[in-house]
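Input: a single structure, listed below in structure tokens.
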Amino acid sequence: MKFQAPKGTRDFYPAEMAWRRWLEGKWRAVSIRNGFEEVEGPIFETLELYTAKSGDEIVNQLFQVTREGSDKIHAIRPEFTPTLARMVAEKANALPKPIKWFSIPNLCRGEQPQRGRLREFLQWNIDMMGIAEPIADAECIFTTVDLLSELGLAPNMVKVKISHRDVVRRILSRLGVADDHMVATFELLDRREKLPDDVFRERANAIGLDGTALERLDQVALVRYPTSEPWDQIKARIPLPESDLEDLADLHDKLRAFGIDDWCEYDLGIVRGLAYYTGTVFEIHEITGAERAMAGGGRYDQLIESVGGPPTPAVGMGMGDVVLSLVLQDKGLLPHDVMPQLDAFVIAAAEAAQSRVPDLVATLRAAGLHARFSYRSTTNVGKLLKEAAQHHARAAVILDDNTLSADTVAVKDLATGEQTDVPSAELTSALLHSRR
RNA sequence: GUGGCUGUAGCUCAGUCGGUUAGAGCACCUGGUUGUGGUCCAGGGGGUCGGGGGUUCGAAUCCCCUCAGCCACCCCA
């Protein structure tokens, strides 16, 4: 019986695991320097947490878990936000505000695997709770941009597309969309670019939009407003009174204050399926639309209260590793060698020296050096150097008869080929010194 | 869940008018014995040709089913 990894999952062999740790390291470092603290939760929750709080799309893709002898149903986490909301709700009164948390969970969704979409993936989450003002939305976006920039991406490669559910709702309302048609209209807006004109028109008519209203809806769905434009210009193009745009105006101001307006644009066609978003929503896309969304987020001011906590405004972002790595690959930004580097490969060039290898290796390791040796019995230096080179060692440490009599070892720099004799007592410090 | 494409060694592939023990490159292992590297040379392990059924004297090759992968729809990380 031969087994294979379940559909849509990945095995992380050493090279893939090294890449994964590298990415997680970037996520973690950027989170911390932006003031976020790391949290983690269980990989499964009670089913109800998701059926009640996530959108249908996600609920339909849940992996459910049952236990022998119990009726209780759990689900493997398809997203982290419900867990986060639960954690905050549980200790809300004890937590100093604002709460700025990040996490790097693995998530599972029973989706049909395809380019950029797997059934298990990693997701970097950042969330800010306790601040209702757009400064928090802006800082979430800033932190995300900080990460993109850290990875070598630039505003000419990726774009943060920003929308606002309240603003869109008000626009639609003014166009004559009844409240009970609002969800359907959001969906229509979301899919505008993928629908043929006549289908779009047909569906809009069904909702009661035609003539001028239809044109306006089309404009809302398709027009992009660069964030780098002055607010007065943008404001003039949105068919709403100034009082309905205060939140967006404030966000605009803060994005510019953070200096990231060249990374962003307003795109009111961004709606997002998740049920709990309330205000600002945003997605990050490769600029030519080459891949799926790299990240998405938004404001969810009611969620924490809805899971039993106090009213707590919140805004957050999630970024998956799958699309991100595709984009980095497309741009040639994947790092080549992220395996842990080997500092020293210890070689015995004489049989009499072989017994000293473990002790020397132990000494190097105690000093924090990454040291290895050969498990082969040969003392053929050529073969052993080859082995050292295959491990990409920085240096080979060669023990021979001279080591025993004069108590020196030969250190060969495998990059330059330069070889020098070093007193045994100074070996550790010499290797540590050459490390940087 | 629906559709399209694809499954031959760990990887990339060759091999099909059906015909003897199924091949290459890379990777991996061993050796080239008294010592200086990723080269070279020689040798080796590894495949129920995705799986099952059928047609046939004979199937990697033809037919059916199934599984898996990729891509697309849906939606999104």
Side-chain angles (χ1 to χ4, degrees), chain A residues 1-11 13 15 23 27 54-61 77-81 104-126 144 161 186-187 190-191 194-195 270-275 277 281-286 291-298 316-327 345 347-354 374-402 410-419:
Chain A
M1 188 71 184
K2 193 177 180 183
F3 296 99
Q4 56 187 171
K7 182 196 285 279
T9 63
R10 292 170 290 183
D11 294 325
Y13 289 88
L23 178 63
W27 280 342
S54 298
D56 284 346
E57 290 303 329
I58 279 188
V59 170
N60 292 335
Q61 296 175 342
R77 58 187 180 188
E79 55 169 339
F80 190 71
T81 307
I104 306 177
N106 57 330
L107 306 175
C108 292
R109 296 178 193 174
E111 179 142 29
Q112 204 52 239
Q114 55 195 293
R115 187 173 177 85
R117 251 353 58 143
L118 294 173
R119 288 188 165 183
E120 185 187 22
F121 56 97
L122 298 173
Q123 189 182 68
W124 174 46
N125 287 265
I126 58 173
T144 308
K161 297 160 95 62
F186 268 42
E187 280 171 19
D190 191 30
R191 303 197 51 206
K194 293 165 188 165
L195 294 175
I270 297 290
V271 175
R272 301 185 56 71
L274 287 178
Y277 284 121
V281 289
F282 59 92
E283 288 180 359
I284 295 169
H285 288 262
E286 196 277 337
E291 304 286 353
R292 295 155 191 282
M294 301 164 66
M317 184 285 309
M319 176 186 287
D321 71 304
V322 184
V323 178
L324 177 63
S325 63
L326 287 173
V327 172
F345 194 83
I347 288 172
E351 280 188 36
Q354 285 181 321
S374 178
Y375 301 97
R376 301 198 289 180
S377 57
T378 183
T379 55
N380 183 322
V381 175
K383 292 222 172 299
L384 293 171
L385 279 174
K386 182 173 175 175
E387 193 175 342
Q390 282 173 338
H391 285 99
H392 300 107
R394 280 196 306 121
V397 174
I398 305 169
L399 309 184
D400 54 18
D401 293 324
N402 193 39
V411 176
K412 186 180 178 89
D413 184 314
L414 290 179
T416 65
E418 193 180 334
Q419 183 168 331

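Each chain gets a letter, A, B and so on, in the order its sequence line appears, and its residues count up from 1. The figures that follow rest on heavy atoms only: side chains count, while hydrogens, waters and symmetry mates do not.
Taking atom CD on A:E283 and atom P on B:C75, their separation rounds to 12 Å, with Å as the unit. When the P atom of B:C70 is taken as reference, atom CZ of A:R119 falls 11 Å away, rounded to whole Å. The distance from atom CG of A:L414 to atom P of B:G38 is 11 Å, rounded to the nearest whole Å. In this structure, the CD atom of A:E111 is 13 Å from the C1' atom of B:A72, given to the nearest Å. Per the geometry, NZ belonging to A:K383 stands 7 Å off P belonging to B:G31, to the nearest Å. Going from atom OH of A:Y13 over to atom C1' of B:G10 covers 9 Å, rounded to whole Å. Look at OH on A:Y375: it is 17 Å from C1' on B:C29, rounded to the nearest Å. Taking atom CD1 of A:I347 as the reference point, atom C1' of B:U36 lies 8 Å away to the nearest angstrom.
When all heavy atoms of A:V411 and A:A395 are compared, the closest pair comes out as CG1-CB, 4.2 Å.
Closest-nucleotide positions on RNA chain B for A:K386 and A:V323 were compared, and the one nearer the 5' end corresponds to A:K386. Comparing A:R376 and A:G417 by the nucleotide of RNA chain B whose heavy atom lies nearest to each, the residue mapping closer to the 5' end is A:R376.
Atom name P, nucleotides B:U48 and B:C11: the rounded distance is 13 Å, in whole Å. With C1' as the reference atom, B:C26 and B:C67 are 29 Å apart, rounded to whole Å. Comparing the same atom, P, in B:G23 and in B:G46 gives a spacing of 14 Å after rounding to whole Å. One P atom belongs to B:C29, the other to B:C17, and the distance between them is 38 Å to the nearest Å. Taking atom C1' on both B:U55 and B:U12, the two are 34 Å apart, rounded to the nearest angstrom. Separation of the P atoms belonging to B:C70 and B:C13 is 15 Å when rounded to the nearest angstrom. Taking atom P in both B:A68 and B:C74, one finds a spacing of 24 Å when rounded to whole Å. On the C1' atoms, B:G7 is 25 Å away from B:G45, given to the nearest whole Å.
At a threshold of 4.0 angstrom between heavy atoms, the contacts of A:A388 with the nucleic acid are absent. Nucleic acid contact for A:Q61: none, since no nucleic acid atom lies under 4.0 Å from a heavy atom of the residue. Within 4.0 Å of A:K7, counting heavy atoms only, lie sugar-phosphate atoms of the nucleic acid but no base atom. Residue contacts shown for A:D321 are absent, as no nucleic acid heavy atom lies under 4.0 Å away. Counting any heavy atom pair closer than 4.0 Å across all strands shown, A:L118 reaches a base atom. Residue contacts shown for A:G110 are absent, as no nucleic acid heavy atom lies under 4.0 Å away. Across all strands, A:R115 comes closer than 4.0 Å only to sugar-phosphate atoms, never to a base (heavy-atom distances). Counting non-hydrogen atoms under 4.0 angstrom, A:Q114 reaches a base of the nucleic acid.
The CD atom of A:Q112 sits 10.0 Å away from the CD atom of A:Q61 when rounded to the nearest 0.5 Å. To the nearest 0.5 Å, the span separating CD on A:Q114 from CZ on A:R292 amounts to 4.0 Å.
The residues A:E291 and A:R115 are annotated as salt-bridged, a charged nitrogen and a carboxylate oxygen being separated by less than 4.0 angstrom.
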Using side-chain contact (heavy atoms from CB on, under 4.5 Å), reason through A:K383 and A:K386 one step at a time and then give a plain yes or no. CA-CA 5 Å; A:K383 292 222 172 299; A:K386 182 173 175 175; 5.5 Å; no
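In this structure, A:R119 contributes its side chain and A:E111 its backbone to a donor-acceptor pair below 3.5 Å.
Two residues are said to be in side-chain contact when any heavy atoms from C-beta on lie closer than 4.5 Å; A:L23 and A:L122 fail this criterion.
In this entry B:G47 has no Watson-Crick or G-U wobble partner, no candidate having both defining distances under 3.5 Å. The partner of B:C70 is B:G4, judged by Watson-Crick or G-U wobble contacts that both fall below 3.5 Å. The partner of B:C13, taking Watson-Crick or G-U wobble pairs whose two distances both stay under 3.5 Å, is B:G23.
Checking B:U2, B:C74, B:U36 against the side-chain heavy atoms of A:Q419 singles out B:U36 as nearest. The side chain of A:K412 has B:G37 as its nearest neighbour among B:G35, B:C70, B:G37.
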